[in-house]
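Accompanying notes for the structure given below.
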Amino acid sequence: MSGNFDEDISYLKERMAVEKSFDLIYLDLHYAGRKIGMFLVDGFGKDEIMLFLMKFLSELLPEDLEEHPLDKLLKTYIPYVEIDKTDDLEKVVDQVLAGPTVMVVEGLQEAVIIDSRTYPVRGPEEPDMERVVRGSRDGFVETLIFNCALIRRRVRDSSLRMEYLQVGRRSKTDISLCYLDELADSKLVEEIKRSLEKIDTDGLPMAEKTLEEFVGGRHWNPYPTVRYTERPDTAAAHLYEGHVLVIVDNSPSVIITPATFWHHLQHAEEYRNKPIVGAYLRLVRFIAVWASIFILPLWYLLATNTNLLPEQLSYIGPSEIGVVPLILQILIIEIGMDMLRMAAIHTPTSLGTALGLVAAILIGDVAVKVGLFVPEIILYLAIAAIGTFATPSYELSLANRLFRLVLLAATYIFGVIGFMIGLVFLVLFLLRMKSYNVPYLWPFIPFNFRGFRDVLIRSPIPLKNRRPVILHPEDPDR
């Protein structure tokens with residue numbers, strides 16, 4: 001800032017194109033014998049607070065600002081909590097566009113920043129993707145400050161850190177790096193921070209998903225290397241283990257890092273029941289997930305190679321194949337299921353039932369009667385679809401679906417050898433993956449008994465008295 005009121009105001013008006021944008025407001029005021037200019041965005045500024053501040057300023061006399069006017073404004077005459085100052089005009093522009101109100105006072109070489117912004121925001125409702133029968137019903141929203149407050153409410157620890165960053169040359173998206181300083185590995189925190197600071201792009205239009213593609217790497221790998229959650233209690237539980245969270249403004253999903261394959265198979269519902277019930281639910285979920293990947297390729301292998309079947313399982317496989325080859329039938333239904341899924345997303349709720357009826361009639365009845373599909377294919381694909389929907393992580397379910405198609409193609413081309421090669425390829429593929437230097441298949445590979453026990457069954461909380469060693473927590477004991 002030059003200190004020349006008219007020059008500074010002219011530059012800010014031109015830089016922000018106040019005359020061309022109807023929602024950018026400039027107030028030309030005169031208080032205590034000085035010219036004052038206020039810049040704010042309509043919709044972000046709170047009318048009540050602005051009127052309150054203007055009332056206080058209107059009561060000032062010229063002699064009130066004769067000595068140390070900036071200090072008096074900040075410490076005495078502007079009664080507000082979040083207040084700051086800056087002498088950088090570019091920072092003034094960034095602050096106004098981010099929501100705070102900026103006040104330029106004649107005779108001062110620094111502007112006053114008043115963070116009185118408010119955002120249009122929905123209430124913290126229970127997320128659709130992570131519902132539980134019993135438990136809290138609040139979920140993250142699209143506002144960074146609210147999400148940080150939901151975590152603070154559950155983690156009242158003085159070592160909880162909420163580090164602020166901005167990413168995007170034009171969007172300047174607000175990001176918070178959240179971790180427990182006395183638990184999280186400092187090397188992990190620094191590595192994640194460096195990966196965020198290296199991002200060089202115009203903006204993050206898709207918020208956390210765009211961010212993941214920059215920091216996660218492996219762009220053509222369908223398997224997720226970070227976990228998403230919309231539940232504050234799930235985020236808090238991972239903080240206590242030593243994980244690091246990345247909270248992105250404009251997104252109701254919080255990124256949990258690092259994340260292994262098994263993190264994507266856990267759900268809050270398991271911990272909202274007794275340990276034995278939670279262990280049973282986890283076992284059922286594992287069976288469903290494995291079925292979603294392997295049951296359809298395995299059925300096709302046995303149906304086309306009946307010599308592999310023992311006499312007790314001779315009923316497996318269609319008695320009549322029909323005019324359409326089995327592999328083509330499976331592909332048609334797979335693509336049809338994806339079409340139905342996409343249609344369900346874009347269908348209004350009031351028409352959802354009608355869409356389900358149409359799908360049931362076309363696929364389950366008419367297609368079988370006309371001989372297009374074998375009834376057994378409908379059965380096994382339905383089991384695979386149920387397993388896909390039972391997968392807690394939406395990203396993992398889509399990755400498993402793609403691998404199912406790859407495994408199916410390998411089985412069709414190479415038979416038994418193709419099926420076995422596909423299994424080995426999946427294990428080796430996941431074995432080579434890492435999430436911030438954490439092996440993706442830990443604690444299965446490399447093997448860790450305590451970690452493997454906690455993955456396989458839902459252990460009672462009093463017995464989980466050690467944090468995962470793979471995270472290198474500063475305090476390994478709970």
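Predicted model only: the values in this text are computed from it and were never measured. Residues take their numbers from the sequence shown, with the count starting at 1.
The number of heavy-atom neighbours closer than 6.0 Å to OH of Tyr280, taken from other residues, nucleotides and ligands shown, is 12 or below. Surrounding NZ of Lys434 are at most 12 heavy atoms belonging to other residues, nucleotides or ligands under 6.0 Å away. In Ile276, the CD1 atom is not crowded: 12 or fewer heavy atoms of neighbouring residues, nucleotides or ligands sit closer than 6.0 Å. Other residues, nucleotides and ligands place more than 12 heavy atoms under 6.0 Å from the CG atom of Leu309. Around atom CZ of Arg153, no more than 12 heavy atoms belonging to other residues, nucleotides or ligands sit under 6.0 Å away.
For the residue pair His267 / Glu269, no side-chain donor-acceptor distance below 3.5 Å is found, with atom types taken as modelled. With no hydrogens or angles considered, a side-chain donor-acceptor pair links Ser136 and Arg231 at under 3.5 Å. Checking Ser459 against Asp454 by side-chain atom types alone, a donor-acceptor pair falls below 3.5 Å.
Among all heavy-atom pairs drawn from Val41 and Leu24, the shortest one is CG2-CD2, 3.6 Å.
In this structure, Phe449 and Phe447 have tilted ring planes: the angle between them lies in the 30° to 60° band. Using the six-membered ring where Trp is involved, Tyr412 and Tyr300 have ring planes that are tilted, between 30° and 60° apart. Classified by interplanar angle (parallel below 30°, tilted 30° to 60°, perpendicular above 60°), the ring pair Phe294/Phe419 is perpendicular. Ring-plane geometry between His264 and Tyr440 is classed as tilted, the angle between the planes lying from 30 to 60 degrees on a 0 to 90 degree scale.
Looking at Lys209 and Glu212, a side-chain N of the basic residue comes within less than 4.0 Å of a carboxylate O on the acidic one, giving a salt bridge.
With a 4.5 Å cut-off on side-chain heavy atoms, Tyr223 and Asn400 count as touching.
Judged by distance alone, with hydrogens and angles left aside, the side-chain atoms of Asn448 form a donor-acceptor pair with the main-chain N or O of Gly451 at under 3.5 Å. Of the possible polar contacts, one joining the Arg467 side chain to the Asp477 backbone as a donor-acceptor pair under 3.5 Å is found.
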Run the numbers on Arg227 and His238 for side chain to side chain donor-acceptor pair (under 3.5 Å), then give the verdict. CA-CA 11 Å; Arg227 182 185 177 185; His238 283 81; 3.1 Å; yes
